[in-house]
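The structure appears right after this line, and notes come after that.
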Amino acid sequence: METAGTTSAPLATIASLAQHDGQTVTLRGWLYNLRSSGKLLFPTFRDGTGTIQGIVPKAAVPEALFNTLKELQLESSLMVTGKVRADARAPSGFELDVESLEVISAVSADQPFPITLKEHGVDFLMEHRHLWVRTPRQSAILRVRATIMRAAAEYFDTNGFIRTDPPILTPNACEGTSELFEMDYFDNDKAYLTQSGQLYIEATALALGKVYSFGPTFRAEKSKTRRHLTEFWMIEPEIAFAGLDDLLELAENFLSHIVARVLESHRGDLTVIGRDATKLEAIKAPFPRISYDEAHAMLEDAFSKGLIETQHKAGDDFGSPDETYISSQFDRPVMVHRYPAAIKAFYMQPDPADPTRALCVDVLAPEGYGEIIGGSQRVDSYDLLKRRIEEHNLPLAAFEWYLDLRRYGSVPHAGFGMGIERVVAWICGLDHVRETIPFARTLNRIYP
RNA sequence: UCCUGAGUAGCUCAAUGGCAGAGCAUUCGGCUGUUAACCGAAGGGUUGUAGGUUCGAGUCCUACCUCAGGAGCCA
């Protein structure tokens with residue numbers, strides 16, 4: 001440890017410096033950047049709450065302080081003491097007149113911090129994700145992510161939902177379609193990482209009324225797009241005695257709450273990220289609701305006007321370009337409901353008004369971010385559910401416990417799942433979900 | 001799995017089939033208000049791998065590897 005001067009002032013964080021104008025404080029953090037102009041040094045410090053520029057005139061500080069700082073490599077850890085001073089030239093409005101500096105761990109010039117302030121490629125940044133998270137933009141995104149996760153849980157916690165987390169190790173495919181990560185489960189069994197807790201929280205919903213789960217989800221799909229991770233976080237509410245309309249109302253209030261919380265406490269972070277906050281200010285319930293058939297008609301119209309390249313076939317699911325077009329027609333998330341039952345999961349309740357349609361909803365985020373929520377009212381009839389399982393060629397024995405939920409006091413119930421990373425990408429205006437989670441797991445990357 | 005594109009200095013990128021280059025980073029020097037500071041200098045290369053065409057290949061051809069983002073699939 002190398003000391004240049006003494007550090008004995010009260011501790012402060014960079015985010016709180018406005019409250020310390022004129023006072024001498026000590027910051028604990030890292031050297032983020034260092035500029036010099038002859039006998040003036042301009043170090044920028046970061047401490048996880050923000051960055052601030054210090055100023056070190058050679059004539060006004062001990063020689064040891066000036067020389068130590070001058071040779072310090074970026075990302076060296078340190079304690080710095082100085083006087084907080086409002087200055088119109090500083091981006092944050094404040095600067096630090098450095099009085100003393102204690103180097104905690106100096107970075108070697110032989111191996112300088114690899115991430116510079118210049119541009120880097122995706123491969124390099126992902127290979128150095130453990131260091132990339134130190135940069136202001138990435139830190140800001142992770143702070144917003146934390147608020148989104150907290151606001152999501154908070155919404156359910158304060159609206160009568162009980163958190164009941166389903167198992168992560170499961171014995172079989174929940175939906176029987178997606179690719180699963182498989183592993184040995186002791187001697188003679190296989191286990192799979194969960195791809196949705198939905199079936200399990202249907203059980204807890206019939207026990208506790210309103211429940212939700214919040215945890216990681218795994219999909220071994222070979223998807224290579226800006227919207228996919230193999231490991232992502234999903235929050236899923238499930239409600240007994242509820243139908244599709246209840247679900248739509250829940251979804252719009254839920255999302256509005258999350259966006260409001262982010263706007264409440266992350267204006268600065270959104271600026272660092274480069275997100276236009278006015279786009280988010282429009283996100284207030286109610287959200288537009290359109291049926292699958294109305295969405296199809298929109299696509300037909302767009303195709304005839306040459307606004308989209310491929311024609312949507314009635315009855316087919318929407319592709320990514322379709323979803324992008326539909327969502328681009330609205331300034332807030334659009335809720336598309338009543339898809340054809342044939343292209344949806346076996347557990348979705350048919351619409352009594354038209355049994356070829358399912359009582360389901362996809363919520364598409366604006367600005368081309370695509371599906372952030374998928375949900376449905378669940379089949380509550382034992383006979384229908386059993387028939388659906390058979391029609392989908394799923395192993396009946398594995399679903400006996402699920403059928404029990406219809407044998408013993410079945411009620412109409414509904415729920416949805418929301419992918420946290422897609423919501424973070426949308427709210428932050430990012431072009432890829434890999435920046436929304438501390439360590440993204442994708443098809444071609446599991447390091448670091 | 002399919003389609004498309006990219007691999008050159010630590011990083012970001014140039015280089016008509018004809019001497020391997022720049023900016024940043026690092027080192028040295030200069031500058032008292034810099035905001036990805038700037039100015040001067042130095043060091044730094046198995047051009048993804050293996051073949052092939054050619055007098056000559058970073059450049060053209062073949063195969064492979066890695067990565068990217070789009071389709072499909074999904075949140």
Side-chain angles (χ1 to χ4, degrees), chain A residues 32-44 51-61 66 71 73-75 87-92 95 97 107-128 131-132 135-137 175 177-179 195-198 216-236 309-310 316-324 343-345 362-365 369-375 416-426 431-434 436-437 442-445 447:
Chain A
Y32 173 65
N33 195 15
L34 179 64
R35 289 178 288 265
S36 79
S37 177
K39 305 205 163 34
L40 269 182
L41 297 178
F42 296 101
T44 304
T51 61
I52 186 169
Q53 174 170 283
I55 178 164
V56 185
K58 188 171 189 181
V61 302
F66 189 88
E71 298 184 0
Q73 296 290 314
L74 303 191
E75 285 303 318
D87 192 309
R89 290 168 291 193
S92 68
E95 284 188 343
D97 289 324
V107 171
S108 163
D110 297 336
Q111 292 183 289
F113 192 69
I115 299 179
T116 69
L117 275 63
K118 294 276 184 178
E119 287 177 8
H120 295 287
V122 168
D123 191 29
F124 178 80
L125 289 171
M126 289 305 289
E127 201 71 14
H128 295 83
L131 304 177
W132 189 23
T135 60
R137 179 182 156 87
E175 303 181 19
T177 51
S178 297
E179 297 283 332
Q195 58 169 1
S196 168
Q198 181 206 313
T217 302
F218 306 87
R219 306 248 168 117
E221 293 156 359
K222 299 202 168 178
S223 299
K224 290 177 61 172
T225 80
R226 65 187 66 199
R227 299 178 303 281
H228 287 89
L229 298 171
T230 54
E231 175 182 334
F232 64 97
W233 282 65
M234 190 151 67
I235 189 162
E236 299 174 273
E309 286 180 13
T310 47
D316 280 4
D317 207 347
F318 300 125
S320 268
D322 299 325
E323 290 188 351
T324 298
I343 56 170
K344 285 293 180 181
D362 280 2
V363 180
L364 309 180
Y369 281 94
E371 185 181 347
I372 50 174
I373 283 179
F416 64 71
M418 183 180 85
I420 292 294
E421 286 73 18
R422 286 189 181 174
V423 172
V424 176
W426 161 53
D431 62 9
H432 202 298
V433 289
R434 65 180 157 232
T436 66
I437 185 167
T442 59
L443 180 57
N444 291 316
R445 193 176 298 282
Y447 175 91

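Values below: all heavy atoms of this structure, side chains included; hydrogens, waters and symmetry mates excluded. Throughout, a chain's letter reflects where its sequence line sits, starting with A, and its residues are numbered from 1.
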Testing the basics here: between Ser223(A) and Leu443(A), what is the closest heavy-atom pair and its distance to 0.1 Å?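 It is O-CB, 4.1 Å.
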Starting the side chain at C-beta, find the nucleotide from [options] nearest to [X].
X: Glu119(A); options: C11(B), A68(B), A36(B); answer: A36(B)
X: Gln73(A); options: G72(B), U26(B), U34(B); answer: U26(B)
X: Arg219(A); options: A36(B), C74(B), G33(B); answer: C74(B)
X: Pro321(A); options: A71(B), U32(B), A25(B); answer: A71(B)
X: Asn33(A); options: A36(B), C74(B), A25(B); answer: A36(B)
X: Arg422(A); options: A36(B), G33(B), C74(B); answer: C74(B)
X: Lys39(A); options: U27(B), U32(B), G69(B); answer: U32(B)
X: Arg226(A); options: G33(B), U12(B), G69(B); answer: G69(B)

With RNA chain B as reference, determine whether Ile372(A) or Leu443(A) sits nearer its 5' end, using the nearest nucleotide of each.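 It is Leu443(A), whose closest nucleotide lies nearer the 5' terminus.
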Which comes earlier along RNA chain B counting from the 5' end, the contact point of Thr116(A) or that of Gly319(A), where each point is its nearest nucleotide?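 In this pair, the answer is Thr116(A).
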CD1 on Ile115(A) to OG1 on Thr135(A), rounded to 0.5 Å: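 Answer rounded to 0.5 Å: 6.5 Å.
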Can you check the distance between [N] and [M], where both ends of the measurement are the [atom1] atom (answer in whole Å)?
N: C11(B); M: A25(B); atom1: C1'; answer: 7 Å
N: U4(B); M: U8(B); atom1: C1'; answer: 22 Å
N: C2(B); M: G48(B); atom1: P; answer: 24 Å
N: C19(B); M: C31(B); atom1: C1'; answer: 37 Å
N: U16(B); M: A20(B); atom1: P; answer: 14 Å
N: G58(B); M: G17(B); atom1: P; answer: 13 Å
N: G43(B); M: U27(B); atom1: C1'; answer: 8 Å
N: A41(B); M: A36(B); atom1: C1'; answer: 22 Å

Look at all strands and tell whether [X] reaches a base, only sugar-phosphate, or nothing, counting heavy atoms closer than 4.0 Å.
X: Arg445(A); answer: sugar-phosphate
X: Ala90(A); answer: nothing
X: Met234(A); answer: sugar-phosphate
X: Glu371(A); answer: sugar-phosphate
X: Ser36(A); answer: base
X: Ile115(A); answer: nothing
X: Leu74(A); answer: nothing

Using only modelled atom types and a 3.5 angstrom limit, is any donor from either the side chain of [X] or the base of [N] paired with an acceptor on the other?
X: His228(A); N: C74(B); answer: yes
X: Gln53(A); N: U34(B); answer: yes
X: Ser223(A); N: C74(B); answer: no

Under 5.5 Å centre to centre and under 30° between planes: does that hold for Phe42(A) and the six-membered base ring of G33(B)?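 Stacking between Phe42(A) and G33(B): absent.
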Would you say [X] places a side-chain N or O within less than 4.0 Å of OP1 or OP2 belonging to [N]?
X: Gln111(A); N: G10(B); answer: no
X: Arg434(A); N: G69(B); answer: yes
X: Asn444(A); N: A68(B); answer: yes
X: Arg227(A); N: A71(B); answer: yes
X: Lys118(A); N: C11(B); answer: no

Considering every strand shown, what is the Watson-Crick or G-U wobble mate of [N] when both distances are under 3.5 Å?
N: A41(B); answer: U27(B)
N: A20(B); answer: none
N: A63(B); answer: U49(B)
N: U34(B); answer: none
N: G56(B); answer: none

Quiz question: by atom type and distance under 3.5 Å, do the side chains of [X] and [Y] form a donor-acceptor pair?
X: Arg227(A); Y: Ser320(A); result: yes
X: Glu236(A); Y: Ser196(A); result: yes
X: His432(A); Y: Thr436(A); result: no

Gap between atoms [atom1] and [atom2], on [X] and [N] respectively (whole Å):
X: Leu41(A); N: C31(B); atom1: CG; atom2: C1'; value: 12 Å
X: Arg137(A); N: A36(B); atom1: CZ; atom2: P; value: 15 Å
X: Asp316(A); N: G72(B); atom1: CG; atom2: P; value: 10 Å
X: Arg35(A); N: C24(B); atom1: CZ; atom2: C1'; value: 15 Å

With side chains defined as the heavy atoms from C-beta onward, is the minimum distance between Leu34(A) and Thr44(A) less than 4.5 Å?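 The answer is no; the side chains never approach within 4.5 Å.
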Looking at Glu95(A) and Arg89(A), is there a salt bridge between them, counting it only when a charged N and a carboxylate O are closer than 4.0 Å?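 Salt bridge flag = no for Glu95(A) with Arg89(A).
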Assess the residue pair Glu179(A) and Arg219(A) against the criterion (side chain to side chain contact (heavy atoms under 4.5 Å, CB included)); give the C-alpha distance rounded to whole Å, side-chain angles, the decisive distance to 0.1 Å, and a yes or no. CA-CA 6 Å; Glu179(A) 297 283 332; Arg219(A) 306 248 168 117; over 6 Å; no
